[in-house]
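The structure appears below as structure tokens.
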There are 2 protein chains.
Amino acid sequence: MGKERVTVIDIAHAAGVSKSTVSLVLQASPLVNEVTRAKVNAVIRDLGYVYNRGAANLRQSNSKSKIIGIVVNDLTNSFFAELAVGVDMVVQSAGYVQFLANTAESVDRQREVIASMREHGISGLILSPARGTDAADLKPLVASGIPVVNVVRQVAGAKVSSLVSDNHAGMRDAVRHLAGLGHHRIAFLGGFPDTAVFNERLQGYRDALSDMDLALHDELVVSSAPSRAGGVAAIERALLLRERPTAAVCFNDAVAFGVCDGLRAHRLDPGEDFAVIGFDDVIEAQTAVPALTTISVDPQGMGRRAAQLLLKQINAGRADAEAIVSSVRLVVRQSCGAAIDKRERLSLL
Amino acid sequence: MGKERVTVIDIAHAAGVSKSTVSLVLQASPLVNEVTRAKVNAVIRDLGYVYNRGAANLRQSNSKSKIIGIVVNDLTNSFFAELAVGVDMVVQSAGYVQFLANTAESVDRQREVIASMREHGISGLILSPARGTDAADLKPLVASGIPVVNVVRQVAGAKVSSLVSDNHAGMRDAVRHLAGLGHHRIAFLGGFPDTAVFNERLQGYRDALSDMDLALHDELVVSSAPSRAGGVAAIERALLLRERPTAAVCFNDAVAFGVCDGLRAHRLDPGEDFAVIGFDDVIEAQTAVPALTTISVDPQGMGRRAAQLLLKQINAGRADAEAIVSSVRLVVRQSCGAAIDKRERLSLL
DNA sequence: TGACAAAATTGGAACGTTCCAATTATTTTG
DNA sequence: CAAAATAATTGGAACGTTCCAATTTTGTCA
């Protein structure tokens, strides 16, 4: 059963009107009489009609396909999962549906999935570019007039909008906070050094050190994969130094969690014996023990904003590149030694 | 620039062949001469042609749309994120692209997104049904002949394939292991009691207790949201009991991590003072401290298998429901007191 | 070379919708 | 009540592809 597809023509026949009228009803056009509308809608329900957007898109402009694409480099990272959820929330309620693809940092996969999405007629794309993406990769897309919003990372020279967090200020605030707590040897742990994000954060770290009149020791900058495992590896190496750091700012929360794991493996208590600050404020950051002090970027909110920006551009028809830097704030929890702070405050009473 | 869309007809003109030939080339048909093929392909590249799958789908059967849908209830949960990544891997390499939607356990959202995906002509659907989904919700989908694979949860009475893990055996093994370590008061923490998964796991817990001649105390079963926060709440309540448990099996890893957090908040050391076992073997389970003993279900592998099953059904044209129960194994790490175990073993030497 | 088979190419209808211009039905107005 | 204005409906072309049947080209063989 349910063999033959029900089309607008079947509806028209059953309702005793023309296919044009049915089409008008489908588009909720004000031109059609209330009673016909009701009749047609009833038939639509009865026959179990399913609108064929493919056919509609053929006739309409591509920008009305009601599909957007989102491609991220690591969905396993909660940051991106939450970003995707944020995007999903707003596109879903705008009646859109999203293609989601994971590139695992492969530019080849990225090229393939973007091509594939284009064939399917996406109206817009939210892209967290894989490492090594360059402007040329996005060229054909933007030339065809499809709005693109880059998130998290920018790609130099690409004429597309972007939404990134204020990496410099965030890291600067983190380091200042640690310096304010009396730390002198503060490490910068995790992240791949060939990314813009890494360099922005690193610059924030450097600037803060010089602001606070602290010396910059290159060996305290330890790069690694931006993952939990990478964090373990980074703290391992940092603890091997003759002069150990007493605190660390981490490339992201995943790294920070790994650093906490690594510290425990060395019988050090994160938050007590060593201060740790993350970046992102992933959902687990608040419930973890110790709760993670981190730079809150609100990934879900970022997803929502990116989606809103994209939808705005889709509706406007024209996409003039706008670069938004999302501000960021330090959330102080236990992992940076707030407990010590509190103890001191209590002793003052 | 790039205003007008390049079509198969433009290619035909430029290459001096007919549109039919171009179409044949696009489908890599063996009917076309090598030299024409090369010529056409060259023109395709030069003009920056983009295949219009929408148009093609209009002419072909819906099962060739090269789109599958995947709807999950909580992408923020790493389990589902990994599942999605697994699905993504196999569909991507099969040349498919996936619609991904998050329902946040809302049947209404679920209904909407499934309808929307259907309008876009998905060839198949992987669904982790929201709580409260019933067979009627899936009726129209399956009636239209679109293969559906339910993952994680089944929906009673729906004639669709399913891929679930062996919840009963997994929980049974977990409890037996704890009992084997000498625990008598073992709690079952977390999860919503109105789900099939919960009940299967609970049954495994009960059966294991009776196998091991342990008494079943109802107050040791504490339900909660299946999240980290839920875990904190559950252990809080369990620790309030006059006779405290000494170990717990948890509904999933998220709950287990929450339980560890909650224990620490009470100055109890998970793995030393209290044994904890999770369910899922999420990626963090191995790197967390203490590393989490858990029932490994390999979410990514599950995603891959679900995708393979779905693609098989799409290609077969006919989807006869098959129910696969994925076997599961206990992975012993630190959180259940393996360390104690080891200590004992060492003392025997 | 002529006849036939095989290989390669092709025109046109079809898919399910939208949109335009045209038509018909209804209401308002002088 | 006729004419004009407005409201509602409609047929048909178009969108970019595939597929079928038909045609043309090329190759083979006696």
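Each chain gets a letter, A, B and so on, in the order its sequence line appears, and its residues count up from 1. Side-chain atoms are counted along with the backbone in the values below, which use heavy atoms only and exclude waters and symmetry mates. In this text the structure is predicted, and so the values were computed from the model without any measurement.
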CD1 (A/I283) and OG (A/S78) are apart, to the nearest 0.5 Å, by 8.5 Å
Do any side-chain nitrogens or oxygens of B/T36 fall under 4.0 Å of OP1 or OP2 in C/dT9? yes
Indicate for each nucleotide in nucleotides 16-22 of chain D, in 5' to 3' sequence, whether protein heavy atoms under 4.0 Å reach the base (B), only the sugar-phosphate (S), or nothing (-). BBBB---
Which whole-number value in Å describes the distance from [X] [atom1] to [N] [atom2]?
{"X": "A/L31", "N": "C/dT24", "atom1": "CG", "atom2": "P", "result": "18 Å"}
{"X": "A/N57", "N": "D/dA14", "atom1": "CG", "atom2": "C1'", "result": "15 Å"}
{"X": "B/E34", "N": "D/dT26", "atom1": "CD", "atom2": "C1'", "result": "16 Å"}

Donor-acceptor pairs are to be reported for all side-chain atoms of residues 94-105 of chain A against protein atoms at under 3.5 Å, with residues two or more places apart or in another chain.
from   : atom 1 : to     : atom 2 : distance (Å)
A/Q98  : NE2    : A/D88  : OD1    : 2.7
A/Q98  : NE2    : B/L100 : O      : 3.3
A/T103 : OG1    : A/V72  : O      : 3.3
A/T103 : OG1    : A/E105 : N      : 3.3
A/E105 : OE1    : A/R131 : N      : 2.8
A/E105 : OE1    : A/R153 : NH1    : 3.2
A/E105 : OE2    : A/R153 : NH1    : 3.4
A/E105 : OE2    : A/R153 : NH2    : 2.8

Evaluate the criterion side-chain hydrogen bond (donor to acceptor under 3.5 Å, both in side chains) for residue pair A/Q110 and A/S106; output intermediate values, then yes/no. CA-CA 6 Å; A/Q110 178 173 283; A/S106 150; over 6 Å; no
Would you sort out whether A/V164 and A/V151 count as a side chain to side chain contact (heavy atoms under 4.5 Å, CB included), showing the intermediate values? CA-CA 6 Å; A/V164 300; A/V151 285; over 6 Å; no
Validation: residues 306-315 of chain B side-chain donor-acceptor distances under 3.5 Å, sequence neighbours left out:
from   : atom 1 : to     : atom 2 : distance (Å)
B/K312 : NZ     : B/E322 : OE1    : 3.1
B/Q313 : NE2    : B/S161 : OG     : 2.7
B/N315 : ND2    : B/L311 : O      : 3.2

side-chain hydrogen bond (donor to acceptor under 3.5 Å, both in side chains) between B/S326 and B/S165: does it pass, once the steps are laid out? CA-CA 4 Å; B/S326 181; B/S165 41; over 6 Å; no
